[in-house]
**Student:** 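Have a look at the structure that comes next, please.
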Number of protein chains: 2
Amino acid sequence: MDQTTRIVRAFEDAGYQTTPSRRLMAELVAGSRGHFSAADLQDRARQRRAKVGRATVFRALELLTSLRVVERLDLPNRSHAYVLCDPDEHHHHLVCSRCGRSVDVADGELARLVDEIGRRNGYRIETHRLELFGICPLCAGAGTGAAVAADREGPA
Amino acid sequence: MDQTTRIVRAFEDAGYQTTPSRRLMAELVAGSRGHFSAADLQDRARQRRAKVGRATVFRALELLTSLRVVERLDLPNRSHAYVLCDPDEHHHHLVCSRCGRSVDVADGELARLVDEIGRRNGYRIETHRLELFGICPLCAGAGTGAAVAADREGPA
DNA sequence: AGGCAGATGATACCAGGTCTCATCTGCGAG
DNA sequence: CTCGCAGATGAGACCTGGTATCATCTGCCT
Ligand SMILES: [Zn+2]
Ligand SMILES: [Zn+2]
Ligand SMILES: [Zn+2]
Ligand SMILES: [Zn+2]
């Protein structure tokens, strides 16, 4: 089962209808390298001569976020992006500041640390966000910066 | 030296002019409990019958952010806020989801953890963001939720 | 096959933030 | 002390990302 199917399945399992736009969103999200914005998706939809309303894109992203199929990142440059990720386990993201590729990072020791911080300050901690930004191995190697443009979409 | 003076001083030390609006911004920021938005500051300025342009508020916040006198938070509800903090040492924030009060949290073991994550994934990590959200001791005690409104501004 | 809950796209709207520009002023040189 | 100008300001246009509304359409269960 490929990534696209998995996403479509996520919609179904959560009781949402399977519609053409949702299938398209699934494909576009699955075919993304690195992170993407709502606008990116809509552009890519247009490139395929498919028309999707802006609202629909946002609605799909909202759903996928709630299903934890994608996660919303707050980039250091104060913009946002979404990134495909593993719905099954709490984790964080290590994101390449150049090409946007991201790897999931297990929470590991962090949970303990977070817990302790809460205890020390008398807060009952509800959620936490950890985001790591840096240069990925590929970009470090190639160095040209061209990777950004090159990897907007490609085979999974 | 009180908080307001410290902020004005930060402007001066960085070579920026000391103007009425900046002094006002310093007072408003210093007089904030918990986090605040640009709009909050402008409202509070208006309440004092002082007129400050919206752009000026943003410009001041931008400066203060670059001077690390305030830090920009990305709240879980996908809105933003600024919070006064210690410019002298890298740290993170533990923020009350009810009243917005925040405490600085030393980086501690996190630096090591971040480092290791970078190494394991072959990324050269440049920056990281950790934000913790929960209920502060005061709100846990009072429980009413009234704290939100009650603490918008007050003596430092 | 039929009906309707749910989904869609267009469009208006909103918040938060940035840009431009004409005007004003803090402050260091003299 | 006063003068001049770099730097700061406010007004308002503009932009981006996201939400709300609403009339229309369609997936899907019966
Ligand atoms: Zn990269
Ligand atoms: Zn975690
Ligand atoms: Zn609180
Ligand atoms: Zn840190």
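All chains are named by letter (A, B, ...) in the order of the sequence lines, taking the proteins before the strands, and each is independently numbered beginning at 1.
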**Student:** Is any side-chain N or O of B/T19 closer than 4.0 Å to OP1 or OP2 of D/dT9?
**Tutor:** yes
**Student:** Report the distance from atom CZ of A/F58 to atom C1' of C/dA15, rounded to the nearest whole Å.
**Tutor:**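 Atom CZ in A/F58 sits about 13 Å away from atom C1' in C/dA15.
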**Student:** Does a side-chain N or O of A/R72 approach OP1 or OP2 of D/dG18 to a distance below 4.0 Å, or not?
**Tutor:**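 Checking A/R72 against D/dG18: at least one side-chain N or O falls below 4.0 Å of OP1 or OP2.
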**Student:** Could you check how far CE of B/M25 sits from P of D/dG10, rounded to whole Å?
**Tutor:**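 To the nearest whole Å, that distance equals 8 Å.
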**Student:** To the nearest Å, how far apart are B/L61 CG and D/dT9 P?
**Tutor:**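 Result: 12 Å.
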**Student:** Rounding to an integer number of Å, can you tell me how far A/R54 CZ sits from D/dT16 C1'?
**Tutor:**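 Rounded to the whole Å, the gap is 8 Å.
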**Student:** For B/S79 and B/Q17, find the nucleotide of DNA chain C closest to each by heavy atoms; which residue's nucleotide sits nearer the 5' end?
**Tutor:** B/S79
**Student:** Among D/dG18, C/dT11, D/dA8, which nucleotide has an atom closest to any side-chain atom of A/A55?
**Tutor:** C/dT11
**Student:** Please report, rounded to the nearest Å, how far the P atom of C/dT23 is from the NZ atom of B/K51.
**Tutor:**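 Going from NZ in B/K51 over to P in C/dT23 covers 16 Å.
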**Student:** Is it true that B/R120 and B/E116 make a salt bridge, defined as a side-chain N closer than 4.0 Å to a carboxylate O?
**Tutor:** yes
**Student:** Quick one: does B/L41's side chain get under 4.5 Å of B/V29's, heavy atoms only?
**Tutor:**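 Sidechains of B/V29 and B/L41: in contact.
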**Student:** Please work out which of the three classes, parallel, tilted or perpendicular, describes the rings of A/Y82 and A/F36, given edges at 30° and 60°.
**Tutor:**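 It falls in the parallel class, under 30°.
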**Student:** Toward the 5' end of DNA chain D, which comes first, A/A38 or A/R59, by nearest nucleotide?
**Tutor:** A/A38
**Student:** Is a salt bridge present between B/R78 and A/E62, judged by a nitrogen-to-oxygen distance below 4.0 Å?
**Tutor:** no
**Student:** In whole Å, what is the span from the CG atom of B/D74 to the P atom of D/dG17?
**Tutor:** 15 Å
**Student:** Tell me which of A/V52 and B/Y82 sits closer to the 5' end of DNA chain C, going by the nucleotide each one is nearest to.
**Tutor:** A/V52
**Student:** Whether A/D43 and A/R46 form a salt bridge (side-chain N of Lys/Arg under 4.0 Å from carboxylate O of Asp/Glu) is what I want to check.
**Tutor:** yes
**Student:** Rounding to an integer number of Å, can you tell me how far A/Q42 CD sits from D/dG18 P?
**Tutor:** 12 Å
**Student:** Ignoring backbone atoms, establish whether A/R22 has a side-chain N or O less than 4.0 Å from OP1 or OP2 of D/dG27.
**Tutor:**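 It does not, given that no N or O in the side chain of A/R22 lies less than 4.0 Å from OP1 or OP2 of D/dG27.
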**Student:** Side-chain N or O of B/S21 less than 4.0 angstrom from OP1 or OP2 on D/dT9?
**Tutor:**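 Yes, because at least one side-chain N or O of B/S21 sits under 4.0 Å from OP1 or OP2 of D/dT9.
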**Student:** Please report the distance, rounded to the nearest Å, between CD in A/E12 and C1' in D/dC28.
**Tutor:**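 Checked: the CD to C1' distance equals 12 Å.
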